[in-house]
**Q** 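This structure is in structure tokens; I'll ask about it shortly.
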Amino acid sequence: MADTSIIDSLLHVMRTLRRNYDECARDMGLTMSRARVLSQLSRQEGLTQTELAAALDIETPTLKRQIDALQADGFVQRRPIQGDARKNALFLTDKGRDSQITEFSRTLRRDVIAGIDPKDLARAQLVLDQLAVNIAKLSAK
């Protein structure tokens, strides 16, 4: 029988990361979900809602509600895509670009892996990718 303690460790890491992320996002007046949208857009502005939903691995209607709220709060703007009146591209506003959450996310990503040998990170990435493949197979059964 395989040792499955890696799953417990992975769940613990995710809970700890999420708790830390939630606390910071809340202090900035955002939810973690909205903060994730801003973080992704800071790396890939100009995506459509469908593309952004795929990048975040969430449903498009769920993202639409988040984008609506972020737009109402002045963090995000929709711009029509030339040649396709049905689609909009998403961009950060100055407020969204200067948002503390964007810098927090960059810092968090850097700090979480600090002190870990790049070879270990590469190996861990392979393991995590295989876990994801195995999980996807479960839902395909």
Side-chain angles (χ1 to χ4, degrees), residues 2-141:
D3 180 5
T4 59
S5 62
I6 185 82
I7 302 300
D8 295 328
S9 294
L10 182 59
L11 292 170
H12 175 71
V13 166
M14 289 307 303
R15 280 191 305 271
T16 304
L17 180 62
R18 185 175 191 108
R19 185 172 36 249
N20 181 287
Y21 203 106
D22 281 344
E23 287 172 10
C24 185
R26 186 175 43 251
D27 291 345
M28 293 177 208
L30 294 168
T31 64
M32 181 177 173
S33 297
R34 292 178 190 165
R36 283 188 67 220
V37 171
L38 292 178
S39 295
Q40 187 67 35
L41 280 177
S42 75
R43 294 187 302 275
Q44 288 183 289
E45 285 192 84
L47 296 175
T48 65
Q49 283 183 195
T50 302
E51 292 166 336
L52 182 56
L56 293 170
D57 196 25
I58 61 175
E59 298 293 323
T60 304
T62 300
L63 177 63
K64 181 188 180 313
R65 289 188 296 275
Q66 293 170 3
I67 295 295
D68 289 347
L70 287 167
Q71 185 174 19
D73 290 340
F75 287 100
V76 172
Q77 62 179 292
R78 290 175 170 106
R79 295 183 197 161
I81 294 177
Q82 247 182 329
D84 191 344
R86 299 167 297 146
K87 292 185 181 178
N88 290 302
L90 300 167
F91 292 89
L92 295 175
T93 62
D94 288 339
K95 180 179 179 180
R97 199 169 287 109
D98 293 337
S99 173
Q100 294 174 8
I101 198 69
T102 302
E103 183 57 33
F104 165 75
S105 292
R106 286 186 193 119
T107 301
L108 177 73
R109 288 170 183 270
R110 183 187 66 234
D111 291 351
V112 164
I113 62 170
I116 301 173
D117 186 285
K119 290 178 187 174
D120 291 337
L121 286 172
R123 182 68 184 146
Q125 184 67 56
L126 290 172
V127 170
L128 292 171
D129 289 346
Q130 185 61 53
L131 288 170
V133 167
N134 293 349
I135 292 167
K137 287 178 185 177
L138 293 174
S139 62
K141 288 183 178 180

**Q** Suppose we screen for side-chain hydrogen bond (donor to acceptor under 3.5 Å, both in side chains). Which residues come up paired with R110, at least two apart in sequence or across chains?
**A**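 side-chain hydrogen bond (donor to acceptor under 3.5 Å, both in side chains) list for R110, sorted by chain: empty.
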**Q** Which residue pairs pass the ring pair (Phe, Tyr, Trp, His ring centres under 6.0 Å) test when at least one of the two sits in residues 12-68, sequence neighbours left out?
**A**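 For residues 12-68: Y21-F104.
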**Q** Return the set of residues passing salt bridge (Lys or Arg N to Asp or Glu O under 4.0 Å) with K64 (not counting sequence neighbours), or none when no residue passes.
**A**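 Per chain and number, K64 pairs via salt bridge (Lys or Arg N to Asp or Glu O under 4.0 Å) with D68.
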**Q** Counting N and O atoms only, with roles assigned by atom type, does the side chain of K87 sit under 3.5 Å from a partner on the main chain of T50, one being a donor and the other an acceptor?
**A**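 Judged by distance alone, no pair lies under 3.5 Å.
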**Q** Just to verify, what does Q130 make a side-chain contact (heavy atoms from CB on, under 4.5 Å) with, not counting sequence neighbours?
**A**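 Testing Q130 for side-chain contact (heavy atoms from CB on, under 4.5 Å), a comparison that skips the adjacent residues, returns V133, N134.
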**Q** Donor-acceptor pair, T93 side chain versus F75 backbone, under 3.5 Å?
**A**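 Yes: the side chain of T93 pairs with the backbone of F75.
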**Q** List in chain and number order the residues that pass side-chain contact (heavy atoms from CB on, under 4.5 Å) with V112, two or more places apart in sequence or in another chain; answer none if no residue qualifies.
**A**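 Checked V112 against side-chain contact (heavy atoms from CB on, under 4.5 Å); matches are L17, L108.
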**Q** Restricting to side-chain contact (heavy atoms from CB on, under 4.5 Å), what partner residues turn up for L47, sequence neighbours left out?
**A**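 Per chain and number, L47 pairs via side-chain contact (heavy atoms from CB on, under 4.5 Å) with Q44, E51, L52.
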**Q** Run the side-chain hydrogen bond (donor to acceptor under 3.5 Å, both in side chains) test against S9 and tell me which residues pass, sequence neighbours left out.
**A**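 Checked S9 against side-chain hydrogen bond (donor to acceptor under 3.5 Å, both in side chains); zero matches.
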**Q** Sequence neighbours excluded, which residues qualify as side-chain hydrogen bond (donor to acceptor under 3.5 Å, both in side chains) partners of T60?
**A**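 Partners of T60 under the side-chain hydrogen bond (donor to acceptor under 3.5 Å, both in side chains) test: none.
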**Q** Do any pairs count as a ring pair (Phe, Tyr, Trp, His ring centres under 6.0 Å) and have a residue in residues 106-134, sequence neighbours left out, and if so which ones?
**A**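 Of all non-adjacent pairs touching residues 106-134, none passes ring pair (Phe, Tyr, Trp, His ring centres under 6.0 Å).
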**Q** Check salt bridge (Lys or Arg N to Asp or Glu O under 4.0 Å) between R19 and all other residues, then give those that pass, not counting sequence neighbours.
**A**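 R19 satisfies salt bridge (Lys or Arg N to Asp or Glu O under 4.0 Å) with no other residue.
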**Q** May I have the list of side-chain donor-acceptor pairs in residues 118-129 shorter than 3.5 Å, sequence neighbours left out?
**A**
residue : atom : partner : partner atom : Å
Q125    : NE2  : D129    : OD1          : 2.8

**Q** Using side-chain contact (heavy atoms from CB on, under 4.5 Å) as the criterion, list what pairs up with R43, not counting sequence neighbours.
**A**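 Counting only residues at least two positions away or on another chain, R43 forms a side-chain contact (heavy atoms from CB on, under 4.5 Å) with S39, Q40, R109.
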